[in-house]
Amino acid sequence: MLKVDGLRVAAGELPLVSDVSFTVGGGERVGLIGESGSGKSLTASAVFGLLPDDVTATGSVRLDGVREDLVGAPESVLSRLRGSRLAMVFQEPMTALNPSMRVVDQVAEARLVHRAAADRAVARRDALGLLEQVRLRDVAELGKAYPHQLSGGQRQRVLLAIALANDPDVLICDEPTTALDVTVQAQLLDLIVKGVKERDAALLFITHDLAVVATVCERVLVMYGGRIVESGPVAEVLTAPKHRYTRGLLDASDLEAVDERGRLHAIAGAVPAAGQFPSGCVFRTRCPRADDQCALQPPWFGEPAHGHACWHPAGGEE
């Protein structure tokens, strides 16, 4: 349903995302994980055609059944696809929702813009139904509210209702549960999975939370330094990681592997600033196994179903 091939994102001469390629099939749920600064949200913005004016994308982003390549497509094409074939749930609903519009009108607008509803009365009726689908209560009253009058969980459900309003083929979720408590997070994740299953939609779920990936996704892409460094089925990647960065992420979330002071394992160093990642293996300056060979960019190793870009994969000789 979605095919990304050789995607590169740059700010002038500064590379931000390099040679990213992946596919998401209809009905498939794919996670994209990595630390902040790894390039996850930039990748999503490039796919969605929402990069800042001073940031450019090259490569290819294809949506099944759409003749035009989304990279470099005119705004008229992207506007037709965004919200209909391609939808997104953003991380921060207070910046994604219009503060001056009532909730029901914002959901109805998604139906009207793409002519899925004949008139405003029909669109408002559809909107109330969508708000009920995302399990909001008393939607007739809640629909009259403005975003600032809702809780964080309610606002995210409104965003999900807008994203699902036109039965998209591809849904992108960019860390939609980051600011929510555990109970509300679980409810929202359940709604997202249910929504894409009912529509047989492709899901690209961006997060830094490995537990969320294990709950929601079937396949996972691990990103670091603007590159995909490992990909494969969630069960395989999370139980038998190949890339040293993936291994570090798992160790850092292992509550049973604390040191004598009760501290979790930490990956050495910090994520470099954008465009400042080293040549060769982008993780080599933080990797305990790095040697001279790592100054060369590693090729893609392993089977297509579970591959990695690491000269010294985890599980091998230390």
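Just so you know, these numbers use all the heavy atoms, side chains as well, and skip hydrogens, waters and symmetry mates. The first residue of the sequence shown is numbered 1, and numbering continues consecutively from there.
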Participant: I'd like to know if the side chain of Ser84 pairs up with that of Asn166 as donor and acceptor (distance under 3.5 Å, no hydrogens or angles considered).
Facilitator: no
Participant: Using the side-chain contact (heavy atoms from CB on, under 4.5 Å) rule, pick out the option among Val20, Val17, Asp19 that qualifies with Arg8.
Facilitator: Asp19
Participant: Mind checking whether Val220 and Val212 sit in one hydrophobic cluster, side chains of I, L, V, M, F, W, Y counted as touching below 4.5 Å?
Facilitator: no
Participant: So does Arg247 pair up with Asp251, basic N to acidic O under 4.0 Å?
Facilitator: yes
Participant: Between Asp64 and Arg62, is there a salt bridge with N-O shorter than 4.0 Å?
Facilitator: no
Participant: Does Ile192 share a hydrophobic cluster with Val89, counting links as ILVMFWY side-chain heavy atoms below 4.5 Å and allowing steps through other members?
Facilitator: yes
Participant: Do Glu109 and Arg124 sit within salt-bridge range, that is, some charged N less than 4.0 Å from a carboxylate O?
Facilitator: no
Participant: Any ring-ring contact (aromatic ring centres under 6.0 Å, His included) involving residues 109-155? Give me the pairs, sequence neighbours left out, ordered by first then second residue.
Facilitator: none
Participant: Are Val234 and Phe22 connected, step by step, through hydrophobic side chains (Ile, Leu, Val, Met, Phe, Trp, Tyr) whose heavy atoms are closer than 4.5 Å?
Facilitator: no
Participant: Determine yes or no for a side-chain-to-main-chain donor-acceptor pair under 3.5 angstrom, with Gln154 supplying the side chain and Ser151 the backbone.
Facilitator: yes
Participant: If we count only N and O atoms by modelled type, under 3.5 Å, do the side chains of Ser100 and Asn98 hold a donor and an acceptor together?
Facilitator: yes
Participant: Which donor-acceptor pairs under 3.5 Å do side chains of residues 65-73 form with protein atoms, sequence neighbours excluded?
Facilitator:
unit_1 : atom_1 : unit_2 : atom_2 : d
Asp69  : OD1    : Val61  : N      : 3.0
Asp69  : OD1    : Val71  : N      : 3.0
Asp69  : OD2    : Ser60  : OG     : 2.8

Participant: Any ion pair linking Glu132 and Arg135 (charged N to carboxylate O, less than 4.0 Å)?
Facilitator: no
Participant: Checking the side chain of Thr207 only, and the main-chain atoms of Glu175 only, is there a donor and an acceptor separated by less than 3.5 Å?
Facilitator: no
Participant: Are Phe277 and Phe283 close enough, and set up right, to give a ring pair (Phe, Tyr, Trp, His ring centres under 6.0 Å), and what steps lead you there?
Facilitator: CA-CA 8 Å; Phe277 288 90; Phe283 186 57; 9.9 Å; no
Participant: Do the charged groups of Glu75 and Arg82 touch, with an N to O distance under 4.0 Å?
Facilitator: yes
Participant: Would a hydrophobic clustering, with Ile, Leu, Val, Met, Phe, Trp and Tyr connected at side-chain separations under 4.5 Å, put Leu131 with Met94?
Facilitator: no
Participant: For Arg120, does the CZ atom sit with more than 12 other heavy atoms under 6.0 Å from it, leaving out its own atoms?
Facilitator: no
Participant: Backbone N or O of Cys281 within a donor-acceptor pair of the Trp311 side chain at under 3.5 Å?
Facilitator: no
Participant: For atom CG of Asp292, decide whether the heavy atoms of other residues, nucleotides or ligands shown that lie under 6.0 angstrom number more than 12.
Facilitator: no
Participant: Is there a path from Met101 to Leu142 through hydrophobic residues (I, L, V, M, F, W, Y) whose side chains come within less than 4.5 Å of each other?
Facilitator: no
Participant: With a 6.0 Å cut-off (strictly less than), is the heavy-atom count around NZ of Lys40, excluding the residue itself, greater than 12?
Facilitator: yes
